Amino acid sequence: MGQLRLGVLISGTGRTLANLLRAATTGDIPAQVCLVVSSRRDAPGNEIAREHGVPLVVVDARDVRGVEAFSRAVYQALDRYRVDLVAMAGFLRRLSIRPDYVGRIMNIHPSLLPLFGGKGMYGQRVHQAVLAAGVKVSGCTVHFVDEEYDAGPIILQSCVPVLEDDTPESLAARVFAEECRLYPEAIRLYAAGCLRIEGKRVRVLPVPSRAGIQEG
Ligand code: GRF
């Protein structure tokens, strides 16, 4: 596959969107962000899409009643922009998964799933729960999205230490720095055709080497 057409779904600050835009611009991912869908008309991330000249479709969950109607409106936008892969980026709404999008929607979560995930577990709540549990490592998870919150097949995970003096904010910052590396890596693997879903597991196939390919 050449350039992926990436659709990014946001609800909040859009820091993940900014990272994906950076990765697309620098060639860190073989993708073009061709659409941003926001579930809030007042999400600060909407401005990031506008600043980058990326088409923005707002499907405000307060105007559209019910998961099915909301999901239909989101897919209408994704279809219109012929999106290959969807990256949820701080997206806080339930999306029902249309059959032709199974295995084409990713999410990133700021913990080592299946721990500290599920409904209501987002933002600082995740890091507060991690600190309260007293675990010594945390991290982030990129996974394919299915009908359940934070429960789809796991693509990649990465660990960070939990330090003695951590606050939810300091831990969140360490995890987020790792997210900025991990999400592009998962997208590169997808683009290279290296992710195979086998039930709940994702087999990560070796990236074909360029050795032996004659250039020029
Ligand atoms: C991060 O915690 C990420 O893991 C989760 O949303 C947060 C980022 O939101 N999916 P945003 O990109 O700052 O809006």
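If you're wondering where the values come from, they're calculated on a predicted model, not measured in any experiment. Counting starts at 1 for both ligands and their atoms, following the listed order.
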Checklist entry - For atom 2 (O) of ligand 1, which protein heavy atom lies nearest, and how many Å away is it? => result Pro110 CG, 3.4 Å
Item to check | Asn107, any N or O under 3.5 Å of ligand 1 N or O | outcome: no
Item to check | Distance from atom 6 (O) of ligand 1 to nearest protein heavy atom, with residue and atom | outcome: Gly90 CA, 3.2 Å
Next on the checklist: Can a side-chain donor-acceptor contact be found between Tyr149 and Asn107 if the only test is distance below 3.5 angstrom?
Outcome noted: no
Checklist outcome for this item: Between the CG atom in Asp166 and the CG atom in Leu171, the distance rounded to the nearest 0.5 Å is 5.0 Å
Checklist entry - Out of curiosity, is Gly14 lining ligand 1, as in a heavy atom under 4.0 Å away? => result yes
Next on the checklist: Could you tell me, atom by atom, which parts of ligand 1 come under 4.0 Å of a heavy atom of Thr13?
Outcome noted: 11 (P), 13 (O), 14 (O)
Checklist entry - Side chains of Ser111 and Ser138: is there a donor and an acceptor less than 3.5 Å apart? => result no
Next on the checklist: Given the ring of Tyr81, does Arg5 sit roughly above its face, with NZ or CZ under 6.0 Å from the centre of the six-membered ring and within 45° of the axis?
Outcome noted: no
Checklist entry - How far is atom 1 (C) of ligand 1 from its nearest protein heavy atom, and which residue and atom name does that atom have? => result Glu179 OE1, 3.5 Å
Item to check | Ion pair Glu68/Arg72, N-O distance below 4.0 Å | outcome: no
Next on the checklist: Which heavy atom of Glu47 sits nearest to which heavy atom of Arg50, and what is that distance?
Outcome noted: OE1-NH1, 3.0 Å
Item to check | Geometric cation-pi criterion Arg125 and Tyr122, 6.0 Å radius, 45° cone | outcome: yes
Next on the checklist: I'd like to know if Ile108 contacts ligand 1, where contact means a heavy-atom distance under 4.0 Å to any ligand atom.
Outcome noted: yes
Checklist entry - With atoms numbered from 1 as shown, which atoms in ligand 1 lie under 4.0 angstrom from a non-hydrogen atom of His109? => result 4 (O)
Checklist entry - Under 4.0 Å from ligand 1, counting heavy atoms only, is it the side chain of Met88, its backbone, both or neither? => result neither
